[in-house]
S.K.: 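Would you mind keeping the following structure in view while I ask a few things?
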Amino acid sequence: MKKVLSIAGSDCSGGAGIQADIKTITAHKMYAMSAITALTAQNTTGVYGVIDTPPEFVGQQLDCIMNDIFPDSVKIGMVSSPLIIEKIVGKLIEYKPRNIVVDPVMISTSGNRLLSEDAMDALINKLIPLATVITPNLAEAECLSEMEIHTKEDMQKAALKLSGFYDGNILIKGGHLKSTADDLLYSNGEFIWFTGIKIDNPNAHGTGCTLSSAIACNLANGLDIKTSIQQAKNYITGALKAGLDLGKGSGPLNHHYR
Ligand SMILES: Nc1ncnc2c1ncn2[C@@H]1O[C@H](COP(=O)(O)OP(=O)(O)OP(=O)(O)O)[C@@H](O)[C@H]1O
Ligand SMILES: Cc1ncc(CO)c(N)n1
């Protein structure tokens, strides 16, 4: 059984964060573990409260996991403060897990900030350099590349800018493009598009978390980066198409559609 670790925040409503990751990993028939970086009080309508885990305790969770059941891949989501990021970075350098997927979570689907402004530096200069692949959405890619992104050409320009400070695999997600849901991978100087029809479903809470943990599962299985992303894209498309409709706002996906 492959083992996948999610380092992320808890979403009590079960659609995003740690809960989405555990559902995704379980749907891939793998063993899920979690190091919780923050508790959020949120639901399909918004984020109403956040309590960060003390950085020392994030470290303690990682020691317990790494010294006992060593993960085949790691997905990192919400990491809200510089001290939490530094603690995670220290542990990743100490234990050297392979296959690190960094989803640079900054703002929730409902528009709430999940990363403090002063954590940006640590994210860019300390955590991202350790990643096998980073998976920003359009807003996060805009923030990281310091340019506006409206079109697929803009996505390519932004990927090139990001490659100026990060030489791993860059996946810019196009879920928020107007008419398509095409994701762009920039890998070893090559652009690869993962095209998708935009599914008419207002319930898209946790798509980013789900995609990044599906990629982590596929990497754990030994698949290459392109195949890992393509299979994750197929999974998220199915989970959206399944058309679950829960809650009063942007509802969660059906992780169990397969
Ligand atoms: N309406 C849609 N139809 C098809 N695919 C979609 C749709 N919305 C998102 N996706 C896909 O879901 C994945 C996540 O992309 P998205 O851009 O929504 O990430 P995100 O904004 O980080 O997610 P989150 O809403 O969890 O923060 C991508 O593969 C994207 O193409
Ligand atoms: C805990 C958590 N992580 C990530 C996201 C992004 O969707 C969210 N809404 N909540």
Side-chain angles (χ1 to χ4, degrees), residues 6-24 34-53 75-80 84 101-115 133-144 149 152 155 158 171-185 192-215 218 228-243 247 249-253 255:
S6 167
I7 305 175
S10 160
D11 167 6
C12 59
S13 69
I18 286 283
Q19 286 80 355
D21 297 338
I22 291 178
K23 290 173 195 183
T24 302
S34 60
I36 302 189
T37 55
L39 299 177
T40 71
Q42 65 173 301
N43 60 25
T44 63
T45 67
V47 179
Y48 299 94
V50 177
I51 295 179
D52 279 345
T53 306
K75 170 253 155 94
I76 301 168
M78 175 182 176
V79 282
S80 41
I84 292 176
V101 181
V102 172
D103 185 16
V105 172
M106 294 175 194
I107 300 164
S108 72
T109 318
S110 45
N112 301 79
R113 254 207 111 81
L114 297 174
L115 177 92
V133 56
I134 59 171
T135 63
N137 64 15
L138 290 188
E140 291 152 357
E142 282 186 337
C143 205
L144 294 170
I149 306 176
K152 289 174 66 174
M155 286 167 77
L171 181 71
I172 302 185
K173 298 172 292 189
H176 299 277
L177 284 170
K178 279 211 177 70
S179 50
T180 60
D182 296 345
D183 302 340
L184 171 68
L185 172 67
I192 300 137
W193 283 98
F194 299 90
T195 55
I197 292 166
K198 187 127 199 176
I199 299 158
D200 186 17
N201 182 351
N203 300 308
H205 179 66
T207 48
C209 305
T210 300
L211 184 82
S212 56
S213 38
I215 295 171
N218 297 330
S228 294
I229 293 170
Q230 184 59 62
Q231 292 198 3
K233 177 81 176 149
N234 297 346
Y235 176 69
I236 192 87
T237 303
L240 272 164
K241 265 192 187 158
S250 177
L253 309 172
H255 289 95

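Counting convention: from 1, in listed order, for ligands and their atoms alike. Counting begins at 1 with the first residue of the sequence.
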S.K.: Go through the structure and list residues passing salt bridge (charged side-chain N to carboxylate O under 4.0 Å, His left out) with Asp11, not counting sequence neighbours.
M.R.: none
S.K.: Identify the heavy atoms of Thr180 and Leu177 that sit nearest to each other, and give their distance.
M.R.: O-CB, 3.4 Å
S.K.: Considering the options Thr37, Val102, Asp103, which one meets the side-chain contact (heavy atoms from CB on, under 4.5 Å) requirement together with Ile76?
M.R.: Val102
S.K.: Under a plain distance cut-off of 3.5 Å, with no hydrogens placed, do Asn43 and Ser13 share a side-chain donor-acceptor pair?
M.R.: no
S.K.: Would you tabulate the polar-atom pairs, meaning N/O of ligand 2 against N/O of the protein, with distances under 3.5 Å, reported to 0.1 Å?
M.R.:
unit_1, atom_1, unit_2, atom_2, d
ligand 2, 9 (N), Gln42, OE1, 3.2
ligand 2, 10 (N), Gln42, NE2, 2.8

S.K.: Working to the nearest 0.5 Å, report the span between CD1 of Ile236 and CG of Leu240.
M.R.: 5.5 Å
S.K.: Can Ser228 and Asn218 be counted as having a side-chain donor-acceptor contact under 3.5 angstrom?
M.R.: no
S.K.: Heavy-atom distance under 4.5 Å between the side chains of Asp21 and Ser34, does that happen here?
M.R.: no
S.K.: Checking Lys152 now: which residues fulfil salt bridge (charged side-chain N to carboxylate O under 4.0 Å, His left out) with it, not counting sequence neighbours?
M.R.: Asp182
S.K.: Please tell me whether Ser212 and Lys75 have a donor and an acceptor in their side chains that are separated by less than 3.5 angstrom.
M.R.: yes
S.K.: Select all protein residues for which some heavy-atom-to-ligand 1 distance is less than 4.0 Å, and list them by chain and number.
M.R.: Thr109, Asn137, Lys173, Gly175, His176, Ala181, Asp183, Ile197, Lys198, Ile199, Ala204, Gly206, Thr207, Gly208, Leu211, Lys233, Ile236, Leu240
